[in-house]
Amino acid sequence: MLAAIAAGVAVWLAIRAARSGADPRRLRWPLAVTAVVVAARIVVTALLSAGGWVLVDDRVTIGLPAAVVPLTVAAVAAVRGRAVTISGQVAAAGVLISAWLAWVPRDPSGAPAVAAVVAVALTLTAAAAALRRRGHGTGKRSPAVVGALLIVAAVGLLFLPGRPVDSADWGGGPRTTRVPYAADIAQLTGPRGRSADVRFTLTAARGTVRLASGRVVPALTFNGTSPGPTLRVRTGQVVEVVLVNTDVAEGVTIHWHGVDVPNAEDGVPGLTQDAVPPGGQHVYRFVPNRSGTFWYHSHRDSRDTVARGLFGALLVDAPEHDDGEFTLFTHAWPLGKDTVSALNDADAPTRRAVPDGRALRLRLINSSQDPQRIQVTGVQFQVAAIDGNAVHEPGVLPSGTVLLLAAGGRYDVALVMPATTVTVSLHSNEQAATAALVLSPTGLGEPAGDGHGPAFDPAAYGSPDATPPPAAADRRFDLRLDNGFKVSGAGLTFANTVNGRLAPAIPTLMVAVGDTVRMRVTNRGIIDHPMHLHGHRVRVLARNGRPVTGSPWWTDTLNVAPGEWYDITFRADNPGVWMDHCHNFKHAAEGMTWHLAYIGVTAPHDHSGEAAE
Ligand code: C2O
Ligand code: CU
């Protein structure tokens, strides 16, 4: 921005000089300042590149040259004592364009077109400046010509998001299907013919949640509570859940987060079903195929309704009683203008008596919109599972280890209760830990944990098992998450984009049944993005180019932090049209939402971005 301001001053001086015949050498100062700022940008870009070429590629190939090349020409002219009237204006225009490119993310597939437009814009600027110099003293039309040309160039840059692409342009591969497949989403249901092995009714309604501190949150509940009832089921059972909506005006659906249910049972309003209105109901049926910690939540207006309480735990093959278990949601309760961080409804320390020597499992589930840091103090422990997937030979982590839990993600923590106090504390970014679970044989004790401790790293935890990841892929997708300004209807808004786009302009990723799919997700912005693909679990191959060294890392919700890039793979074995989105529901609602679709599957419902959000 500093460079753009300095360049703007240079342009203004140049135009004044052209109009009034003032001394064009005054251009040199703002150009010198611009050069210093641009040099600083080069240093920053070089530092960023240490994180990986994918973080800087277009900045190095287009963004910086647009500023650096004309600035260098002007600098050489200045040093040689020549006039910088023309070269100075071109340099200033280059810096402005470069700032624009840095602030407005775009589709990498459009890079050649952007480079061409930049070259044309700079050439036009040079031509206009030359015209103006010739016209000086005789004609007045040149400034108008210059202005018109610059506007043409700016408009060209504005409306050049790259061609409308389909996923093939994102490296998706051929639009052919290895297995001819044809189905409508409505046909892709769970077992309807057999009788259910286990049945639940979840009734959504307005209500309140009383937090441990005594504060009362106006909330939305399932069966009168939030978190809603914990559903315990077994693999292979036909599970039936009847969703009833009493009075939730937004409408309700249930998404079985992390369970790879058939497409029609996925609970995405506007895509796999219509949202259930007040007074309505909907029946879900599915057969869980993997043990572990999962959760359910409404998918209608989720930014608001999940925060207010429409969620609960779904445990597959967990013990019937939770003597040795604690299921803890890290949640941010909306209270007036604030949010209150809590473990379930506990925004203050809570204490429980646990006998010395008992094996415990803590099921940690992040139902908030941000990554949460959870610290376990007072005992060594293991992370037994990530997103419901057992870790192979999990190692022992020291007391005080901090677990970063993606929004929507889960960790199962295993420990053996010592004779002393164990603290599970939640450290949110904005506030000191006030939410904590204190376990001790006596049920007394003060919370420990200051949020400082070694960080748990799932990429190097446990040991490899006998299943190496697939070496080849049938399709590859490259997703770049940026932030910057986005041109939308009214003007410029700050946005989190996927390849420079927002829903519904993000192309659907097309796959065929049986494909091995590889995806690279790069976060080039400054905010965490927890990536959640419905209907599939994915295996993480590498982070920032470095392969995963420990246990196979299976996940359904992967936090991609600023500056990180992940290579992931999954098998396309669950036909349908699936949402793929950021589990920061605010980002999702603002457009960080797209779909993965199987060739041959048709959607009866409209799935424009807004409806599916
Ligand atoms: Cu848990 Cu589409 O979300
Ligand atoms: Cu996000």
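When a ligand or atom number is given, it counts from 1 through the structure's own listing order. All values below were derived from every heavy atom in this structure, side-chain atoms included, with hydrogens, water molecules and symmetry-related copies excluded.
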Note to self: Inside 2.8 Å of atom 2 (Cu) of ligand 1 but strictly below it, how many protein N/O/S atoms are present?
What the structure shows: 3
Checklist line | Expected output: side-chain N389 to main-chain D387 donor-acceptor under 3.5 Å | finding: yes
Next item on the list: Can you run down the ring-ring contact (aromatic ring centres under 6.0 Å, His included) pairs that involve residues 493-512, sequence neighbours left out, and say none if there aren't any?
Entry: none
Next item on the list: Please report the number of protein N, O or S atoms that lie less than 2.8 Å from the Cu ion (ligand 2).
Entry: 3
Check: Does the side chain of H529 reach to within under 4.5 Å of the side chain of H587, using non-hydrogen atoms?
Finding: yes
Item checked: L541 side chain reached by P547 side chain, heavy atoms, under 4.5 Å -> no
Check: Can you name the N/O/S atom of H297 that is nearest atom 1 (Cu) of ligand 1?
Finding: NE2
Next item on the list: Work out which heavy atom in V261 is nearest to a heavy atom in N574; give both atom names and the distance.
Entry: O-ND2, 3.1 Å
Notebook entry, point to check: Does E265 come within less than 4.0 Å of R192, counting only side-chain N to carboxylate O?
Noted result: yes
Item checked: Heavy-atom closest pair, residues V239 and P288 -> CG2-CD, 3.6 Å
Next item on the list: Taking the six-membered ring for Trp and the full ring for Phe, Tyr or His, determine whether the centres of H581 and H534 are under 6.0 Å apart.
Entry: yes
Note to self: On a heavy-atom basis, which atom in F286 and which in P262 lie closest, and how many Å separate them?
What the structure shows: CB-CD, 4.2 Å
Next item on the list: Give every residue pair that meets the ring-ring contact (aromatic ring centres under 6.0 Å, His included) criterion with at least one member in residues 262-282, sequence neighbours excluded.
Entry: H282-Y284
